[in-house]
Structure formats: C-alpha cells, structure tokens
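Working notes, structure below.
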Amino acid sequence: MSKTSAEVAILTGAASGMGEVLARDLVNKGWHVACLDIQKEAGEALVAELGDKAIFIQCDIADYDQQAKAYTQVWNKFGRLDALLANAGIVDKSSIYILDWRGKDEYAWSRNHEPAL
Ligand SMILES: NC(=O)c1ccc[n+]([C@@H]2O[C@H](COP(=O)([O-])OP(=O)(O)OC[C@H]3O[C@@H](n4cnc5c(N)ncnc54)[C@H](O)[C@@H]3O)[C@@H](O)[C@H]2O)c1
C-alpha cells in the first residue's frame with residue numbers, strides 16, 4: 001500500500017445537503033474525499049463529477065460492520081486518514097420542547113401537531 005501525499009477525509013452523508021457542499025469544497029482544496037452515504041445513485045453521480053480525488057462507498061452509518069468495512073477500504077486505498085466528518089443524519093424538524101414525544105420511536109413532524117416554539 002502506498003501512502004498518498006494529499007490529506008484524506010471520510011465524509012458521511014456526502015451525497016446531498018451540507019455533506020455534498022463539504023465534499024466539493026474539500027476536493028477543491030486538494031483533499032481526497034471518501035464519500036459515504038446510503039444514497040447510491042446520488043453518491044456515484046457526485047464522485048463522477050468530482051473526479052479521481054473522490055470515491056463513493058455506499059454505507060449505512062447505523063450499521064457498525066458496514067462502517068468498519070468502509071473505513072478499512074479507505075485505509076487500504078489511501079494509506080492515511082486526516083479527518084472524519086460525521087455528517088450523516090437527518091434534520092429533526094420538530095421541537096425538542098415537545099416533551100410528550102420524548103423517548104418515543106416515532107418522532108417528529110406532524111401537521112396535526114405543530115411544534116410549540
Ligand atoms: N440543515 C440544517 O439546518 C442542520 C442543522 C443542524 C444539524 N444538521 C445536521 O447536519 C447533517 C446534514 O444535514 P443536511 O441538512 O445536509 O441533511 P440532508 O438530509 O440534506 O443530508 C443528509 C445526508 O445523510 C445521508 N444519510 C442519512 N442517513 C444515513 C445513514 N444512515 N447512513 C449514511 N448516510 C445517511 C442522506 O442520504 C443524505 O445524503 C445532519 O446530521 C443534520 O442532522 C443540519
């Protein structure tokens with residue numbers, strides 16, 4: 001394995017939103033970026049646009065084994081890791097102050113239950 005001279009980042013949730021913007025910015029700054037996301041089509045389209053400094057790995061970050069496999073793949077390819085950007089997730093559009101939703105599996109947004117801001 002040869003170690004690349006450019007800095008290397010793993011970026012989760014890279015296929016859209018803030019992750020996508022971050023991926024573009026890092027590549028523009030000369031970084032190698034491993035873009036991890038569950039969205040295969042969008043992730044592959046992004047790295048096709050970004051060129052050979054970016055790779056896409058389909059990965060559900062909620063699955064430990066998938067993450068471990070992805071990190072190993074990145075290490076084997078680049079031989080270094082300078083940043084882990086744990087961006088993947090969802091935006092909770094509800095209010096944290098709706099106390100009767102706490103601790104429930106079904107969370108969040110309901111048109112019938114407007115957040116009390
Ligand atoms: N946008 C905001 O105002 C805001 C505010 C505070 C925090 N955040 C946080 O910032 C992060 C990005 O926000 P965003 O607005 O760009 O969201 P987004 O929904 O546009 O993008 C999130 C990305 O993460 C991916 N993703 C979701 N679950 C995943 C999983 N299990 N495994 C792999 N990838 C997964 C999605 O496919 C998507 O590409 C999120 O964690 C969000 O909670 C966002």
Side-chain angles (χ1 to χ4, degrees):
M1 174 181 53
S2 62
K3 187 174 168 178
T4 178
S5 58
E7 288 159 308
V8 175
I10 290 176
L11 169 59
T12 69
S16 67
M18 297 196 298
E20 180 187 343
V21 174
L22 196 49
R24 291 180 189 282
D25 191 52
L26 285 168
V27 167
N28 282 339
K29 289 185 164 85
W31 284 61
H32 288 294
V33 184
C35 299
L36 276 52
D37 207 291
I38 43 176
Q39 292 189 69
K40 187 169 192 285
E41 207 174 308
E44 286 179 346
L46 176 66
V47 301
E49 204 187 309
L50 292 177
D52 59 7
K53 285 196 174 299
I55 61 167
F56 173 70
I57 304 172
Q58 187 176 27
C59 175
D60 180 352
I61 53 108
D63 184 310
Y64 183 92
D65 291 339
Q66 284 187 38
Q67 279 205 78
K69 199 171 156 195
Y71 291 7
T72 303
Q73 200 176 322
V74 174
W75 183 259
N76 288 341
K77 179 168 178 59
F78 297 113
R80 64 184 283 178
L81 179 60
D82 301 279
L84 170 60
L85 306 160
N87 164 75
I90 55 165
V91 177
D92 184 351
K93 295 186 170 66
S94 73
S95 168
I96 58 170
Y97 299 109
I98 301 176
L99 301 179
D100 58 335
W101 285 354
R102 280 206 181 150
K104 294 190 177 151
D105 287 338
E106 74 287 352
Y107 84 100
W109 191 247
S110 159
R111 290 203 176 122
N112 300 324
H113 195 157
E114 293 294 330
L117 298 173

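Note that ligands are numbered from 1 as they come in the structure, with each ligand's atoms numbered from 1 the same way. Hydrogens, waters and symmetry mates are skipped; everything else that's a heavy atom, side chains included, is used. Model, not experiment: these values are computed from the prediction.
- Proximity of a side-chain donor or acceptor of Arg80 to a complementary backbone N or O of Ser5 within less than 3.5 Å is detected.
- Hydrophobic cluster membership for Leu50: Leu11, Leu22, Leu26, Val27, Trp31, Val33, Leu46, Leu85 (Ile, Leu, Val, Met, Phe, Trp, Tyr linked by side-chain heavy atoms under 4.5 Å, directly or transitively).
- Of the polar atoms of Gly19, none of the N or O atoms is found under 3.5 Å from an N or O of ligand 1, judged by distance alone.
- Checked against a 3.5 angstrom limit, the closest N/O atoms of Ile61 and ligand 1 fall inside it.
- Near Gly89, with a cut-off below 4.0 Å to any heavy atom, the atoms of ligand 1 are 22 (C), 24 (O), 27 (C), 40 (C), 41 (O).
- Counting non-hydrogen atoms of other residues, nucleotides and ligands closer than 6.0 Å to CG of Asn28 gives a total above 12.
- For ligand 1, the atoms sitting less than 4.0 Å from at least one non-hydrogen atom of Gln39 are 36 (C), 37 (O), 38 (C), 39 (O), numbered in the order shown with element in parentheses.
- Between the side chain of Thr12 and the main chain of Asn87, a donor-acceptor pair closer than 3.5 Å is present.
- Within the 4.0 Å heavy-atom criterion, the part of Cys59 lying near ligand 1 is the backbone and not the side chain.
- Using a 4.0 Å heavy-atom cutoff, Thr12 is absent from the residues neighbouring ligand 1.
- Summarising the contacts of atom 9 (C) of ligand 1 with Met18, Gln66, Gln58, the nearest heavy atom is found in Met18.
- Among Ala14, Gly13, Ala70, Gly17, the residue whose heavy atom lies nearest to atom 20 (O) of ligand 1 is Gly17.
- In the vicinity of Asp60, heavy-atom distances shorter than 4.0 Å reach the ligand 1 atoms 30 (C), 31 (N), 32 (N).
- Residues satisfying the side-chain contact (heavy atoms from CB on, under 4.5 Å) criterion with Gln66, sequence neighbours excluded, are Cys59, Asp60, Asp63.
- Using a 4.0 Å cut-off between charged nitrogen and carboxylate oxygen, Asp25 and Lys29 count as a salt-bridge pair.
- Asp37 places no side-chain N or O within donor-acceptor distance of the main-chain N or O of Gly43, the cut-off being under 3.5 Å.
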